[in-house]
Every structure is written in structure tokens, then in C-alpha cells.
Amino acid sequence: LQYADKAYKLNKSDLDNLETALFANFLNGEFDATHELILEASKLRFDSKRITSANNALEFVRSNSIFPAEFLKLQDTAYSLLHSSNIFIMKPTLTICEDEDSIFLSYEILLDKPVSEIVDLSVMLAEALAQEPSLNDISGKINISFSPWCD
């Protein structure tokens, strides 16, 4: 987060720096700072799928009264599981999804691992989330999952 913010402050005209700072702030639960960066993107007339994605995710967490501490605890549950399995390289994506009954934020963590290992990790994540009653409400609004990373 510190490096992303510093890179953006050193070169505010660089879209990559802005996008990186946006996601770093959002993923670290810094929703107010994310909002400020989205306003900066608007002033600079920057537009990209990643900025739109960050804006949609921010609007979703705010409209669903999701607090940074809840969001961070949900993430921490998933990332702690990965780190305990010695997995440190991952790529998160955020997408607003809708089905017949609800709208939710899909927080997909892409992993460069075989599908069988991802399935095992997904089962472990479901078990870890089930053991955290404080995450019941937020896990219904944010679907955190593991998927294969395919470039």
C-alpha cells in the first residue's frame, strides 16, 4: 500500500500507478482513500475497466454497510489459509454479480495451481468461513473464492 501510494504521488499522470493505488487501498480496507483516488481519476479524465471495477466495488461495500474491519477479516481468513499452504503469488479480481435473488461482490483469488489443489483449498476456505460466525453476514454479500489463474 505504501509503495503504491508513493508511486502514484510521484507520478499522478500515470494510469498504472493510479490503478495500483486504487486496488491497494481498496484491498487494505482504505475505502475513504479509494474514494479520493476515484475522484482524482475523474478529474484527470482517466477511465479504465480497473477504475470502473474499483468504483463499483466501493459503491457496493458502502451501500451494503460493509465495514473495513469486516472486509479485512474475510480477506485475512482466505489469505491466511493460502499462506499456511505456502502460496504467496495470487491475483485478486473484484466483480459485481447478480443472480435471480441477489447482488453480490465476487472476490475471486486467482491461483497458479492445479485445479485439484484449488478445489482442496476451496473446501478448506468454506470450512474456515463456517467456523467464523462473525463473517456469516458479510460472506453472503461478498463471495470470496479461489480459481485457476489462466493468462
Side-chain angles (χ1 to χ4, degrees), residues 1-113 115 118 121-122 125-126 128-129 132 134-151:
L1 175 60
Q2 292 171 335
Y3 292 128
D5 282 342
K6 186 173 184 173
Y8 172 68
K9 287 175 184 168
L10 290 172
N11 188 359
K12 290 185 176 187
S13 62
D14 186 300
L15 178 60
D16 288 336
N17 288 346
L18 174 64
E19 290 176 338
T20 302
L22 264 172
F23 271 89
N25 277 280
F26 185 85
L27 295 175
N28 280 281
E30 299 292 337
F31 299 153
D32 291 337
T34 302
H35 178 60
E36 292 300 320
L37 288 168
I38 289 169
L39 292 176
E40 285 294 317
S42 178
K43 287 179 195 172
L44 295 169
R45 296 190 175 150
F46 280 154
D47 187 29
S48 73
K49 289 180 182 179
R50 292 188 75 198
I51 292 170
T52 301
S53 175
N55 188 44
N56 291 342
L58 182 62
E59 286 178 15
F60 181 85
V61 296
R62 287 189 163 172
S63 67
N64 284 279
S65 301
I66 296 170
F67 299 104
E70 296 172 308
F71 181 74
L72 292 173
K73 187 171 184 178
L74 180 68
Q75 277 189 116
D76 191 49
T77 301
Y79 284 101
S80 293
L81 173 66
L82 293 174
H83 293 167
S84 69
S85 300
N86 292 318
I87 299 171
F88 297 93
I89 297 174
M90 55 212 98
K91 180 180 177 184
T93 64
L94 302 168
T95 310
I96 303 296
C97 297
E98 194 171 348
D99 62 20
E100 307 82 39
D101 301 326
S102 63
I103 187 166
F104 59 94
L105 177 62
S106 173
Y107 186 141
E108 192 174 22
I109 301 170
L110 305 176
L111 303 172
D112 189 16
K113 294 290 178 186
V115 171
I118 291 172
L121 288 165
S122 296
L125 177 60
L129 291 173
E132 285 285 347
S134 64
L135 295 177
N136 284 345
D137 187 46
I138 190 174
S139 61
K141 296 173 185 172
I142 299 176
N143 179 13
I144 194 162
S145 63
F146 303 131
S147 297
W149 181 346
C150 302
D151 279 336

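A distance-only check finds a donor-acceptor pair linking the side chain of S53 to the backbone of L94 [under 3.5 Å]. Put simply, the side chain of S80 never gets that close to the backbone of T77: no donor and acceptor are under 3.5 Å apart.
To the nearest 0.5 angstrom, E70 atom CD is 7.0 Å from D137 atom CG. Taking CD1 of I38 as the start and CD of E59 as the end, the distance is 7.5 Å to the nearest 0.5 Å. In this structure, CG in D16 is found 9.5 Å from CZ in F46, a value given to the nearest 0.5 Å. Atom CD1 of I144 is separated from atom OG of S122 by 10.5 Å, given to the nearest 0.5 angstrom. The structure places CG of L18 at 7.5 Å from CG of L44, a figure rounded to the nearest 0.5 Å. Within the model, atoms CZ of R50 and OG1 of T93 stand 10.5 Å from one another, a figure rounded to the nearest 0.5 Å.
Counting heavy atoms from C-beta outward, E36 and L39 have side chains that approach closer than 4.5 Å.
Qualifying side-chain hydrogen bond (donor to acceptor under 3.5 Å, both in side chains) partners for Q75, counting only residues two or more places apart in sequence or in other chains: Y107. Here F88 pairs with H83 under the ring pair (Phe, Tyr, Trp, His ring centres under 6.0 Å) rule; sequence neighbours left out.
There is a side-chain donor-acceptor pair under 3.5 Å between S48 and E19. Between the side chains of S102 and D99, a donor-acceptor pair is found at a separation under 3.5 Å. A donor-acceptor pair shorter than 3.5 Å cannot be found between the side chains of S145 and E108.
Closest approach of A21 to Y8, counting heavy atoms only: CB-CB, 4.0 Å. Taking all atoms of both residues into account, the shortest heavy-atom contact from K113 to I118 is O-CD1, 3.5 Å.
Partner N25 forms a side-chain hydrogen bond (donor to acceptor under 3.5 Å, both in side chains) with one of D32, T20, D5 and no other, that one being D5.
Aromatic ring centres of F26 and F71: separated by under 6.0 Å.
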Check your understanding: I142 and N64: side-chain contact (heavy atoms from CB on, under 4.5 Å), yes or no, with the steps?
Key -> CA-CA 10 Å; I142 299 176; N64 284 279; over 6 Å; no
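A salt bridge is defined here as a Lys NZ or Arg NE, NH1 or NH2 lying under 4.0 Å from an Asp or Glu carboxylate O, and K43 with E40 meets this definition.
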